[in-house]
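All values below were derived from every heavy atom in this structure, side-chain atoms included, with hydrogens, water molecules and symmetry-related copies excluded.
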Amino acid sequence: MSLTELSAFDIAKAASSASRHLATLSEENRNDALTALHNALLTNKAAILEANARDLQAATRSVENGILSQSALKRLDLSRPGKYDDMLQGILSVKNLRDPIGNVSKRTLLDEGLTLEKVACPIGVLLIIFEARPEVIANIAALSIKSGNAAILKGGKESTESFVTIANVISEAISNTRVPQSSVQLVRTRAAVSDLLAQDSLIDLVIPRGSNELVRFVKENTKIPVLGHADGLCSAYIHSDADPKIAVKVVVDSKTDYPAACNSLETLLIHQDTLKSVLPSVAEALIAKGVTLRCDAPSKAALLEYLSPSQSNMLQDASEADYVTEFLDLTLAVKTIPPDSPLSDVEMAIAHINSHSSKHTDVIVTDSENIANIFMKGVDSAGVFWNASTRFADGMRYGFGTEVGISTNKIHSRGPVGLDGLTIYKYLVRGSGHGAGDYFDGEGGKSYKHQDLQIL
């Protein structure tokens, strides 16, 4: 649906009206819209990939001119093996998830004939601003419809051709369902964003997906609550008792499975006792995948004793800035955790992560459940893993179907934001002429029962 002729107020008002209608639709109605959306994207795959190819051509020139990063180019490419199919499967996975609306999480008997329920309901109107990833349009459209929210979407200029083509497909698909067409509105112009950010009386939540600069701009220019994350500064700590095979598997997968993703590994913390036992195997496996290691002095010295001259060429000296850098490429910062401190070694690793990370996802590799529990309780991130790759921090891998983004916030929703993260709750009270003034201490006053009831 083209909205270039509408004002930000009109767009937001239409979305607000659609959200109220969406909240009353049955799950069957919403699922029918997802089926239509999936089928339309499947039918129009060739046209969408052709549009994406035009975006890729322009983006390649931008990379050559130093305007766009190589990682952004990778995220833009819908033709990567499995990516389009994953987008389609994500829609079906969302469709098959339990309806998030109407779930009762608490029931209380306030008094005879007077009950309280805490019930999940849609947030309302979402404004999602994203960069590079054209599949985000389909992901968010599916999640929004299933969760009963209206969505206003604005894509990055680098994905304009893909964005417009997918937008037209989505608009046509839902126009033949019970879901209002204005439930998913697609904004093409950058100028509209600032005006939309001012619609705090109509838009309930902003979700920025993209660079640190984008997230900062959104937070500084709106009164609407913002759910999002900036950098994905993910770390892995290899403890002194780590199994070398597990360390190699977890670290290599975290770094090289998809380096351009926000859940890829950027910093490797090494316990001093593993410099000669575990680190060489990990380093060799990373270097074999083309990873450059930016090492502190102890880790570099240890590796130079083990690596061949050609492998040693992949070592660089680390600066302090490297430990707060999201490389999004085959570069990894390495730092040694020394035991000569008032803190224990695991506490030092925790302290480093909490002071350097972006609170996204962090990992410990250890054989000790006790050490793992200390780490998992102490690290203040949305995801904290034990002997598992950071790449598991993903809505689809968590079983959420897909996600609108990963939140590093500490309110409402944290980590991959799927259906549950797009709902809030309301309190429903059912009575039969009860009055609050009837409840008081003393003669003639009634008392509350406040009894927990079974959730049906």
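- Remark: Asp253 engages Asp257, Ser389, Arg391 in a side chain to side chain contact (heavy atoms under 4.5 Å, CB included) (not counting sequence neighbours).
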Taking only distance into account, with no hydrogens and no angle test, what donor-acceptor pairs under 3.5 Å do side-chain atoms of residues 415-429 form with protein atoms, sequence neighbours excluded?
from: Thr423; atom 1: OG1; to: Asp420; atom 2: O; distance (Å): 2.8

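- Asp380 meets the side chain to side chain contact (heavy atoms under 4.5 Å, CB included) test with Asn354, Lys359, Lys410, Arg414; sequence neighbours excluded.
- Under the salt bridge (Lys or Arg N to Asp or Glu O under 4.0 Å) criterion, Lys335 pairs with no residue, sequence neighbours left out.
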Please table the atom pairs, donor to acceptor, closer than 3.5 Å between any side-chain atom in residues 36-51 and protein atoms at least two apart or in another chain.
from: Asn39; atom 1: ND2; to: Thr35; atom 2: O; distance (Å): 3.4
from: Thr43; atom 1: OG1; to: Asn39; atom 2: O; distance (Å): 2.8
from: Asn44; atom 1: ND2; to: Ala40; atom 2: O; distance (Å): 2.7

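- A distance-only check finds a donor-acceptor pair linking the side chain of Arg209 to the backbone of Val404 [under 3.5 Å].
- Residues satisfying the side chain to side chain contact (heavy atoms under 4.5 Å, CB included) criterion with Asp241, sequence neighbours excluded, are His239, Thr366, Asp367, Ser368.
- Salt-bridge annotation for Arg430 and Glu117: present, with a side-chain N of the basic residue lying under 4.0 Å from a carboxylate O of the acidic one.
- Residues that satisfy the side chain to side chain contact (heavy atoms under 4.5 Å, CB included) test with Glu369, not counting sequence neighbours, are Asn373, Trp386.
- Qualifying salt bridge (Lys or Arg N to Asp or Glu O under 4.0 Å) partners for Lys157, counting only residues two or more places apart in sequence or in other chains: none.
- Residues satisfying the side-chain hydrogen bond (donor to acceptor under 3.5 Å, both in side chains) criterion with Glu213, sequence neighbours excluded, are Ser211.
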Distance-only donor-acceptor hits, side chain of residues 214-225, under 3.5 Å, sequence neighbours excluded:
from: Asn221; atom 1: ND2; to: Phe217; atom 2: O; distance (Å): 2.7
from: Thr222; atom 1: OG1; to: Leu197; atom 2: O; distance (Å): 2.7
from: Thr222; atom 1: OG1; to: Ile224; atom 2: N; distance (Å): 3.0

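- Remark: Lys118 pairs with no residue by the salt bridge (Lys or Arg N to Asp or Glu O under 4.0 Å) rule, at least two apart or across chains.
- Partners of Asp32 under the salt bridge (Lys or Arg N to Asp or Glu O under 4.0 Å) rule, at least two apart in sequence or in another chain, do not exist in this structure.
- Side-chain atoms of Lys106 never come within 3.5 Å of backbone atoms of Val119 as a donor-acceptor pair (strictly under, hydrogens ignored).
- Listed for the Lys83 side chain is a donor-acceptor partner under 3.5 Å among the backbone atoms of Arg75.
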